[in-house]
Amino acid sequence: MTPWKPKTLKDHLDAGRTRSAPESLRAMTGEPARGPAGEVLRSTEVEEPENPLRPCPCGRRQQADMMTDVSMVPPATREAWGLVPDADFICDGCLNGIHLRGFATREEVLEVLGAPRPLLQFVRVARLRSGVGSGM
């Protein structure tokens with residue numbers, strides 16, 4: 001099976017896509033927020049330059065490699081999952097909370113995030129074998 005993981009904020013940082021990214025992403029990547037005249041509105045804090053801490057909409061601060069990109073998920077689905085509808089990145093706690101709180105099964109979440117079919121089948125079989133509702 002080919003290794004797969006959801007795309008994270010760190011992936012965006014490593015690819016250097018922050019200049020063309022939406023405003024919400026630029027605010028999370030360490031670039032200072034600027035007002036209409038170009039003035040810096042607030043300072044940013046970067047503890048580890050290669051993997052900075054960033055806020056999740058839930059209020060938790062998490063390293064960029066643990067912030068999953070959910071920008072491809074429709075806002076209505078994000079809201080149905082108990083997330084902030086306009087959140088582009090969520091922490092691992094929010095990601096796991098989707099299936100732990102019963103909003104969707106683990107495989108449904110992975111499918112929306114773009115997981116390959118063999119991984120989805122593996123997760124589904126593991127869930128069925130374990131006899132546990134929505135998680136592994």
Side-chain angles (χ1 to χ4, degrees):
M1 184 181 316
T2 306
W4 179 88
K5 71 176 190 73
K7 187 170 289 230
T8 66
L9 174 58
K10 185 159 182 352
D11 296 328
H12 286 277
L13 293 172
D14 291 344
R17 295 186 210 152
T18 59
R19 296 278 178 219
S20 62
E23 189 63 37
S24 62
L25 173 59
R26 284 199 301 275
M28 294 177 72
T29 59
E31 295 181 29
R34 298 188 180 274
E39 73 277 12
V40 175
L41 298 177
R42 64 183 172 95
S43 61
T44 58
E45 178 183 7
V46 178
E47 291 81 5
E48 296 178 35
E50 70 281 353
N51 195 19
L53 287 173
R54 293 291 170 240
C56 177
C58 73
R60 183 175 179 213
R61 290 176 47 82
Q62 188 58 278
Q63 291 180 315
D65 66 346
M66 299 301 288
M67 297 287 290
T68 302
D69 182 355
V70 293
S71 61
M72 78 295 289
V73 179
T77 302
R78 287 182 239 171
E79 191 170 22
W81 285 353
L83 304 172
V84 176
D86 61 348
D88 289 331
F89 296 92
I90 58 171
C91 69
D92 58 330
C94 288
L95 182 65
N96 286 317
I98 295 168
H99 74 87
L100 291 174
R101 291 181 290 161
F103 292 121
T105 64
R106 186 181 300 260
E107 58 263 29
E108 289 169 340
V109 174
L110 292 173
E111 184 174 21
V112 171
L113 294 177
R117 182 73 47 208
L119 176 61
L120 296 172
Q121 291 170 341
F122 174 81
V123 172
R124 185 170 290 119
V125 167
R127 179 178 56 82
L128 293 172
R129 284 185 181 163
S130 71
V132 176
S134 60
M136 286 192 335

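Numbering starts at 1 and runs along the sequence shown.
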Can you tell if the side chain of [X] reaches within under 4.5 Å of the side chain of [Y], non-hydrogen atoms only?
X	Y	result
P57	L83	no
R106	N96	yes
V123	L110	yes

How many angstroms lie between atom [atom1] of [X] and atom [atom2] of [Y], to the nearest 0.5 angstrom?
X	Y	atom1	atom2	answer
M66	R60	CE	CZ	7.5 Å
T8	R54	OG1	CZ	13.0 Å
L95	L113	CG	CG	6.5 Å
E107	H99	CD	NE2	10.0 Å
D88	R78	CG	CZ	6.0 Å
E111	L119	CD	CG	11.0 Å

What are the two closest heavy atoms between [X] and [Y], and how far apart are they?
X	Y	result
V109	A104	CG2-CB, 4.0 Å
C91	C58	SG-SG, 3.9 Å
F103	W81	CD1-O, 3.0 Å
P55	M67	O-CE, 3.5 Å

Kindly work out whether a path of hydrophobic side-chain contacts (I/L/V/M/F/W/Y, heavy atoms less than 4.5 Å apart) joins V84 to F89.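 No, separate clusters.
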Is the backbone of V125 close enough, under 3.5 Å, to the side chain of R129 for a donor and an acceptor to pair up by distance?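 Here the side-chain-to-backbone pair does not exist.
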Under the criterion side-chain contact (heavy atoms from CB on, under 4.5 Å), which of L9, I90, T68, D92 is the partner of Q62?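 One option only clears the test, and that one is D92.
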